[in-house]
Amino acid sequence: MGYLITEEHEKAFEDKNIEFAVSSLLLGKDKVFPKDVVMQVFNLSSKDANLCLKITEDIKNLNKEGL
């Protein structure tokens, strides 16, 4: 399944850890993951975990609008 993304998302995906975390979070469909869980599971800083959660939400919203 493909997703619509923005250039901002693409730039963030240069960091493969962020790309992996976001792709994994997208597989969770409509589940909500707390930041501390994202930090621990993907071994991310608080800043990167927030970025992943924001990008995941952005992509979900962008793809809802695109359908």
Side-chain angles (χ1 to χ4, degrees):
M1 172 184 211
Y3 288 99
L4 299 172
I5 62 171
T6 65
E7 288 182 24
E8 178 185 338
H9 301 143
E10 196 169 331
K11 184 163 176 62
F13 288 162
E14 290 174 4
D15 181 333
K16 295 302 176 189
N17 291 330
I18 291 176
E19 180 181 21
F20 177 72
V22 170
S23 63
S24 298
L25 292 170
L26 286 170
L27 291 174
K29 303 284 184 211
D30 293 327
K31 294 181 183 174
V32 177
F33 298 95
K35 180 181 77 169
D36 59 329
V37 170
V38 174
M39 288 173 59
Q40 290 178 358
V41 170
F42 299 106
N43 195 28
L44 297 171
S45 68
S46 177
K47 180 181 173 185
D48 286 346
N50 280 331
L51 178 62
C52 289
L53 291 168
K54 180 189 176 306
I55 290 173
T56 301
E57 193 62 34
D58 287 350
I59 291 173
K60 285 180 180 179
N61 290 333
L62 182 64
N63 284 276
K64 283 180 187 176
E65 293 171 8
L67 296 177

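Positions are given from 1, in the same order as the sequence printed here. As a basis for the values below, the full set of heavy atoms in this structure was taken, side chains included, without hydrogen atoms, waters or symmetry mates.
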Close side-chain approach of L51 and I18, heavy atoms under 4.5 Å | yes
For the atom pair CG (D15) and SG (C52), what is the distance rounded to the nearest 0.5 Å?
-> 8.0 Å
Minimum heavy-atom separation for S45 to M39, with atom names?
-> O-CG, 3.9 Å
Rounded to the nearest 0.5 Å, what's the gap from CG on L25 to CD on E57? Could you check?
-> 10.5 Å
Please round to the nearest 0.5 Å and tell me the distance separating atom NZ of K60 and atom CG of L62.
-> 13.5 Å
Can you tell me how far OG of S23 sits from NZ of K16, rounded to the nearest 0.5 angstrom?
-> 10.0 Å
Between CD of E19 and CD1 of I55, what distance do you get to the nearest 0.5 Å?
-> 10.5 Å
What are the two closest non-hydrogen atoms of A49 and V38, and how far apart are they?
-> CB-CG1, 4.0 Å
Is any side-chain heavy atom of T6 closer than 4.5 Å to a side-chain heavy atom of D58?
-> no
Who passes side chain to side chain contact (heavy atoms under 4.5 Å, CB included) against N43, sequence neighbours left out?
-> none
Which pairs count as ring pair (Phe, Tyr, Trp, His ring centres under 6.0 Å) when at least one residue sits in residues 9-39, sequence neighbours excluded?
-> F20-F42
From L4 CG over to N61 CG, what is the distance, rounded to the nearest 0.5 angstrom?
-> 12.0 Å
